[in-house]
Structures are given as C-alpha cells and as structure tokens.
Amino acid sequence: MASKLLRAVILGPPGSGKGTVCQRIAQNFGLQHLSSGHFLRENIKANTEVGEMAKQYIEKSLLVPDHVITRLMMSELENRRGQHWLLDGFPRTLGQAEALDKICEVDLVISLNIPFETLKDRLSRRWIHPPSGRVYNLDFNPPHVHGIDDVTGEPLVQQEDDKPEAVAARLRQYKDVAKPVIELYKSRGVLHQFSGTETNKIWPYVYTLFSNKITPIQSKEAY
C-alpha cells in the first residue's frame, strides 16, 4: 500500500446516515473523522472569534456562510497535515470545495443517495441532545429512557427542521447546493455514489472501496 495520506469527503443529505458511515470508516481505517458541525459547536462553546461569528447566524436560524465555515475548517485541516482524514459536512458548496482545493487534493468522495421517503421517516424519528450534539433515532438508536439523554439525563428535543414539513425544504435546499459539488468531483473521477435505504447494506461497498485505498486496521468489517 502506498504511504500517501488519504483525503476523503462524504456527502449526503440530512438523515442519510453520514454520521454512522463516518464512524465505521474511522474505526476500520483509522481516518480522523472531521465534522464541521462538531467543530462549530466546539468553537461556539469556547467563544472563539469564528464561533462568535457562526453563533450570530445560527441564532437567527440562518446557514453559516461559506467564509466562516471555510476559515474554521482550514485551520482544523492545517493542524492535521500528517493525518488521514474524512471530511463530513464540508465542503457543502462549490465555494467551499474550491477553497479546499487550494490546500489539498481530495482522493475519494462518497455521496449517499437515499430515497426521499426514507429520509423523511428517519428525520421525523430523530431526537437530539443539543449541548453535546448526540443524535438518537427512535427506530435503530433509541435512548434508554424515552426523551432523555443516556449520558447526562437531560431532556432530548426534536429540532424544528426535523419536523416533516421542514424536511422537504431542507432536502430541496441540499440538492440545489450539493449538485455542483457532486458534478465537480464526478468530473475528476473521484466520486463514488451509493444508493439504498439501509446503511448496513451500503456499508460493505464503502468498506471495499476504502480497502482498495488504505489497509484496514481491523481484520474484518466491524459494524
């Protein structure tokens, strides 16, 4: 296997199972899972300059603009120059993808294509613990006690934008923004699309794809 560092990106709409797939890739292949949402929460909590900027948009229920997210992610990537990584939630737009191009070449892009009805069902069953960002799903990852976070015992909430009427709008918005990003990576020959309704059925194909690029650190497909 080549010792070249692997730079991977995962794309997919809300509710597509990106988080689960990322965890499995990180476990099986030792890639750092870099989530833009996680870094945003950390920076907001720590009251950093970027965190303060992002907070102003989030409090108004607006999308955090490209220049804020890009600045945040560029500094995180600078700190991880010597690591294999997997980006989750970035790049979301063509502008972000172009900014990423300036500092590195992406080797592998996974796009998860999940039917609209499946996404709608999944998101309406999703509850979160806002302080930590922990996500529960009533079908396949329910909390031990209904409505309560397993770790802190604090109440879980359903986000306004996980309610069915908001889901359709979010998915339309995702498609519009993601399309040029998907086309860009497709034109470079690094895009791999996976379709289906179950993460467990998609996973073996993702595992095989990564196995061809980097030696697994686990001897078998860990679930």
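Any value given below was found using the heavy atoms of this structure, including those in side chains, with hydrogens, waters and symmetry copies removed. One is the number of the first residue; the rest follow in order along the sequence.
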All heavy atoms of L156 vs all of P143, minimum pair found to be CD1-CG, 3.7 Å
Is K120 salt-bridged to E117, cutoff N-O under 4.0 Å? yes
Using the side-chain contact (heavy atoms from CB on, under 4.5 Å) rule, take R71 and E49 through it: C-alpha gap first, then chi angles, then the decisive distance, then the call. CA-CA 11 Å; R71 187 171 149 193; E49 191 187 340; 3.1 Å; yes
Charged N to carboxylate O below 4.0 Å: is that the case for R134 and D149? yes
Supply the atom-to-atom distance Q56 CD to E59 CD, rounded to the nearest 0.5 angstrom. 8.0 Å
Taking atom CG of N113 and atom OG1 of T197, what is their separation to the nearest 0.5 Å? 12.5 Å
So how far is it from L63 CG to R92 CZ, rounded to the nearest 0.5 Å? 7.5 Å
Residue pair F90 / L34, side-chain heavy-atom distance below 4.5 Å: no
Between V64 and I58, is there a side-chain heavy-atom distance shorter than 4.5 Å? yes
Can you name the closest pair of heavy atoms from Y207 and F29 and give their distance? O-CZ, 3.5 Å
Nearest atoms (heavy-atom pairs only) where P14 meets R170: CB-NH2, 3.2 Å
With no hydrogens and no angle check, just 3.5 Å: does a side-chain donor-acceptor pair link E154 and H129? yes
Measure the shortest side-chain to side-chain distance between L119 and S16 over non-hydrogen atoms and say whether it is less than 4.5 angstrom. yes
Mind running side-chain contact (heavy atoms from CB on, under 4.5 Å) on H67 and M53 for me, showing each step along the way? CA-CA 10 Å; H67 71 273; M53 287 162 77; 4.1 Å; yes
Might you work through the salt bridge (charged side-chain N to carboxylate O under 4.0 Å, His left out) test for E76 and R80, ending with a clear yes or no? CA-CA 7 Å; E76 293 294 344; R80 292 170 172 78; 2.8 Å; yes
Pairwise side-chain contact, M73 with L87, heavy-atom cut-off 4.5 Å (strictly under): yes
So, does K18 use its side chain to make a donor-acceptor pair with the main chain of G12 at under 3.5 Å? yes
Checking the side chain of D150 only, and the main-chain atoms of H144 only, is there a donor and an acceptor separated by less than 3.5 Å? yes
Audit row: L138, H146, side-chain contact (heavy atoms from CB on, under 4.5 Å) steps and yes/no: CA-CA 9 Å; L138 300 183; H146 183 71; 4.1 Å; yes
Taking CD in E52 as the centre, count heavy atoms belonging to other residues, nucleotides or ligands within less than 6.0 Å. Is the count above 12? yes
Do the non-hydrogen side-chain atoms of L108 and V9 ever get within less than 4.5 Å of each other? no
Walk me through it: do R188 and E183 pass the test salt bridge (charged side-chain N to carboxylate O under 4.0 Å, His left out)? CA-CA 9 Å; R188 292 184 184 168; E183 289 302 322; over 6 Å; no
Give me the atom names and distance for the closest heavy-atom approach of G196 to I114. O-CD1, 3.3 Å
What closest approach, in Å, do C22 and I10 show between heavy atoms, and which atom pair accounts for it? SG-CG2, 3.4 Å
So W85 and C104, do their side chains get closer than 4.5 Å, heavy atoms only? yes
Matching residue for F210 among T215, N28, L31 - test: side-chain contact (heavy atoms from CB on, under 4.5 Å): L31
Determine, using the 4.5 Å side-chain heavy-atom cutoff (strictly less than), whether V167 and I128 are members of one ILVMFWY cluster. no
When rounded to the nearest 0.5 angstrom, what distance separates NZ in K45 from CZ in R41? 9.0 Å
Is the side chain of N79 donor-acceptor paired with the backbone N or O of S75 at a distance under 3.5 Å, no angle test? yes
How many angstroms lie between atom OG1 of T208 and atom CH2 of W203, to the nearest 0.5 angstrom? 9.5 Å
Determine whether M74 and I69 fall in the same hydrophobic cluster, where Ile, Leu, Val, Met, Phe, Trp and Tyr are linked whenever their side-chain heavy atoms lie under 4.5 Å apart. yes
Does some side-chain heavy atom of W127 sit less than 4.5 Å from a side-chain heavy atom of I148? no
Over all heavy atoms of both residues, which pair between A99 and T70 is shortest? Give the atoms and the distance, please. CB-CG2, 3.4 Å
Might you work through the side-chain contact (heavy atoms from CB on, under 4.5 Å) test for L191 and Q193, ending with a clear yes or no? CA-CA 7 Å; L191 181 79; Q193 304 202 56; 3.5 Å; yes
Knowing that exactly one of R125, R122, R126 qualifies, which makes a salt bridge (Lys or Arg N to Asp or Glu O under 4.0 Å) with D139? R125
Do the side chains of L100 and R7 get nearer than 4.5 Å, heavy atoms only? no
Has Y205 got more than 12 heavy atoms of other residues, nucleotides or ligands less than 6.0 Å from its OH? no
State yes or no: do V50 and I103 share one hydrophobic cluster built from I, L, V, M, F, W and Y residues joined by side-chain heavy-atom distances below 4.5 Å, directly or via other members? yes
In terms of side-chain heavy atoms, does S111 have a donor or acceptor partner in H192 at a distance below 3.5 Å? no
May I ask whether I182 and L86 are part of the same hydrophobic cluster, defined by side-chain heavy atoms of I, L, V, M, F, W, Y residues being less than 4.5 angstrom apart, directly or through others? no
Grouping I, L, V, M, F, W and Y whenever their side-chain heavy atoms are under 4.5 Å apart, do Y174 and V135 come out in a common cluster? no
